[in-house]
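Okay, structure first, notes after.
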Amino acid sequence: MKTILIAKQNLEKTYSGACRSVHEEIKYFHSKGCEVHTISENANVADIESSGGIPHKSKRFFWQKKFRRRMQFSNEALKLAKKLKVDLLIGQGDLQQPDVHFIHNCVHLASEKVHGKPLAKDDEMYLTHTPIFQNHQFKHIVANSHLAKNELMSRFSIPEHDISVIYPAIDENQFRLLPIEERNAIRADLGVKSDELLVGLVTSGNFKKRGVDRFFEAISLLPKEVAEKTHFVFVGKDKLSPEYQAILDRSPYKDRVRQLPIINKVEGYFNALDIFVLPARIEEFGRVVAEAMACGAPVITTKWVGASELMKAESAEFVYDGESNQTLANLMDALLSDKALRKRVSLANQTSAKEVYESALEEKFDAVFGPYIV
Ligand SMILES: Nc1nc2c(ncn2[C@@H]2O[C@H](COP(=O)(O)OP(=O)(O)O[C@H]3O[C@H](CO)[C@@H](O)[C@H](O)[C@@H]3O)[C@@H](O)[C@H]2O)c(=O)[nH]1
Ligand SMILES: O=P(O)(O)OC[C@H]1O[C@](O)(CO)[C@@H](O)[C@@H]1O
């Protein structure tokens, strides 16, 4: 039996896309008969055990600066790997010398896209990620999109054969189109009347990265008759900054825009929407896009979102470059004004989302991990 150790500093957050990836990895290796251990500072122990993992808590060096703390975590993980005599050590961007690295964030590109400047050389994330890629401190990388793979190849000259793309998956039993009565009940609970429409942006947080400001600006640019029959919602753990609140306060439709709380059954939000919007400056994959597609939402997003790679044919017309808020407004208007178009794009998205169903993941993992677990 092979022993696997998966390291990630934080394994507590249920709304984090990277944590969800770790659960996919645990379930896969467990299903292959491996003994799967995890190490993290914080863990949702019950969840890890129910996925088939054996959780270990690393010491928390909370008094240390962030980067030093990351290095301590990395060392703790390496120590445990030695003790358990693991056959395969898997990192998620915060382990310095894994066998295989799942990369969730392109921190250098993100700094350029979100803040308009290179990542500072003393930034915690620069110090953590740069040596891994520059010094080739891995045997293989799993990137969560072609966008991420291309970035790693072009910035760090990593050879193409060292990187596989495996899109994060969606649980098709959770993220699916609900019966119309249930969808209508959720909409009614959200205060949407039968002749009104609902547009939403759902994310884990980091509103600037996800372009929440662009969403607000575009709402203001909608034709009055369209905006006044539509509700707009955004979901994420962050509080609006004063700058973003000011954008909203200037909007003629500010009373139609609301933040909704993070809830367990997030698929209810996707099912309630007439359009899902993610005008992100960068999103390496963006599970929320795939989840919204599987729940039948037409999606508007940018070419800087990895999951836009799933959007085909007519749906691909709703992938834009992210720069112009007028373009975003026009795309929203086109969908809000045309029920038949919404229906076509919804059906196309539901079909495309099948590419990332959890049931299709085993084959993709086999291709990468087969040689490690035979
Ligand atoms: N339960 C619950 N989950 C939520 C809620 N809001 C968001 N989430 C969940 O939080 C997850 C967010 O995942 P991503 O959209 O992928 O973003 P991320 O947390 O920043 O994840 C990072 O890693 C991912 C996996 O590689 C990447 O897909 C992503 O681009 C990013 O780099 C999704 O599964 C989404 O359903 C909520 O209200 N309730
Ligand atoms: O959203 P989370 O769960 O904090 O994880 C984000 C990911 O970003 C990193 O902090 C940097 O890539 C990783 O360590 C982690 O896997």
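Both counts, for ligands and for their atoms, begin at 1 and track the order of listing. FYI, the numbering just counts along the sequence from 1. Note that the coordinates shown come from a computational prediction; the quantities given were computed from them, not determined experimentally.
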Top protein contact for [atom], by heavy-atom distance:
atom: atom 7 (C) of ligand 1; value: Thr203 O, 3.7 Å
atom: atom 15 (C) of ligand 2; value: Gln92 O, 3.5 Å
atom: atom 4 (O) of ligand 2; value: Lys13 NZ, 2.8 Å
atom: atom 14 (O) of ligand 2; value: Asp94 OD2, 2.9 Å
atom: atom 9 (C) of ligand 1; value: Tyr15 O, 3.6 Å
atom: atom 12 (O) of ligand 2; value: His129 NE2, 2.8 Å
atom: atom 36 (O) of ligand 1; value: Glu291 OE1, 2.6 Å
atom: atom 5 (C) of ligand 1; value: Val266 CG2, 3.5 Å
atom: atom 5 (O) of ligand 2; value: Lys8 NZ, 3.3 Å
atom: atom 16 (O) of ligand 1; value: Arg287 N, 2.8 Å

May I ask which of [options] has a heavy atom nearer to [atom] than the others do?
atom: atom 3 (O) of ligand 2; options: Cys19, Ser204, Ser16, Ser40; value: Ser16
atom: atom 13 (O) of ligand 1; options: Gly306, Cys106, Gly17; value: Gly17
atom: atom 6 (C) of ligand 2; options: Asn105, Thr128, Ile132; value: Asn105

Is the contact between [X] and ligand 1 made by the side chain, the backbone, both, or neither, using heavy atoms and a 4.0 Å cut-off?
X: Asn144; value: side chain
X: Val235; value: side chain
X: Asn206; value: neither
X: Lys265; value: neither

* Backbone of Leu95 reached by a side-chain donor or acceptor of His101 within 3.5 Å ->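 Present.
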
* Spacing of CD belonging to Glu323 relative to CZ belonging to Arg214, to within rounding of 0.5 Å ->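 It is 5.5 Å, given to the nearest 0.5 Å.
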
* Kindly give the heavy-atom pair with the smallest separation between Lys303 and Leu147, and that separation in Å. =>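 That would be O-CD1, 4.3 Å.
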
* Which ligand 2 atoms, with their elements, are less than 4.0 angstrom from a heavy-atom of Met125? ->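 Every atom of ligand 2 under 4.0 Å from some heavy atom of Met125: 11 (C).
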
Are [X] and [Y] near enough that their ring centres are under 6.0 Å apart?
X: Phe232; Y: Phe216; answer: no
X: Tyr269; Y: Phe276; answer: no
X: Phe285; Y: Tyr167; answer: yes

* Asked: Does ligand 2 have any atom that is closer than 4.0 Å to a heavy atom of Gln9?
  ->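 Contact check Gln9 vs ligand 2: negative.
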
May I ask you to check if ligand 1 and [X] share an N or O to N or O distance below 3.5 Å?
X: Phe285; result: yes
X: Glu283; result: yes
X: Gly286; result: yes
X: Tyr269; result: no

* To do: Indicate whether the side chain of Ser204 and that of Arg287 have a donor and an acceptor atom separated by less than 3.5 Å.
  =>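 Absent: no donor and acceptor within the cut-off.
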
* Looking at Lys149 and Glu160, does any basic side-chain N land under 4.0 Å from a carboxylate oxygen? ->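 The answer is yes: the pair qualifies as a salt bridge.
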
* ligand 2 and His104, any nitrogen or oxygen pair closer than 3.5 angstrom? ->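 No, there is no polar N/O contact under 3.5 Å.
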
* Distance-only N or O hit between ligand 2 and Asn10, under 3.5 Å ->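 N/O-N/O distance under 3.5 Å: no.
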
For ligand 1, which atoms sit closer than 4.0 Å to a heavy atom of [X]?
X: Ser21; value: 25 (C), 26 (O)
X: Ala18; value: 21 (O), 23 (O)
X: Ser16; value: 19 (O)
X: Ile263; value: 1 (N), 2 (C), 37 (C), 38 (O), 39 (N)

* Within a reach of under 6.0 Å around NE2 of His56, are more than 12 heavy atoms found that belong to other residues, nucleotides or ligands? ->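 Counting other residues, nucleotides and ligands, NE2 of His56 exceeds 12 neighbours.
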
* To do: For residues 129-140, pull every pair meeting side-chain hydrogen bond (donor to acceptor under 3.5 Å, both in side chains), keeping only residues two or more places apart or in separate chains.
  =>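 Of all non-adjacent pairs touching residues 129-140, those that pass side-chain hydrogen bond (donor to acceptor under 3.5 Å, both in side chains) are Gln96-Gln137, Asp99-Lys139, His108-Thr130, Asn135-Gln137, His136-Asp162, His140-Ser164.
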
* Asked: If you measure from each non-hydrogen atom of Arg70 to ligand 2, which part falls under 4.0 Å: side chain, backbone, both or neither?
  ->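 Answer for Arg70: side chain.
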
* Do the non-hydrogen side-chain atoms of Val36 and Ile54 ever get within less than 4.5 Å of each other? ->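 Heavy-atom side-chain distance check fails, nothing below 4.5 Å.
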
* Asked: Is the closest side-chain heavy-atom distance between Glu283 and Trp304 below 4.5 Å?
  ->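 Answer no - side chains too far apart.
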
* To do: Begin with the C-alpha distance, continue with both residues' side-chain angles, and end with the deciding distance and a verdict on salt bridge (Lys or Arg N to Asp or Glu O under 4.0 Å) for Lys27 and Glu358.
  => CA-CA 10 Å; Lys27 284 187 210 160; Glu358 232 173 61; 3.8 Å; yes

* Would a hydrophobic clustering, with Ile, Leu, Val, Met, Phe, Trp and Tyr connected at side-chain separations under 4.5 Å, put Leu331 with Met311? ->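 As far as the 4.5 Å side-chain criterion goes, Met311 and Leu331 are connected within one cluster.
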
* Contact with ligand 1 for Arg210, non-hydrogen, under 4.0 angstrom ->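 Contact check Arg210 vs ligand 1: positive.
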
* Which is it for Tyr357 and Asp171 under the side chain to side chain donor-acceptor pair (under 3.5 Å) test, yes or no, and what are the steps along the way? -> CA-CA 6 Å; Tyr357 274 5; Asp171 175 353; over 6 Å; no

* **Intermediate values then yes/no, salt bridge (Lys or Arg N to Asp or Glu O under 4.0 Å), Lys209 and Glu284** => CA-CA 11 Å; Lys209 183 175 177 186; Glu284 292 78 355; 2.9 Å; yes

* To do: Go through Lys312 and Glu355 one step at a time and tell me if the salt bridge (Lys or Arg N to Asp or Glu O under 4.0 Å) criterion holds.
  => CA-CA 12 Å; Lys312 311 273 158 59; Glu355 190 184 331; 3.4 Å; yes

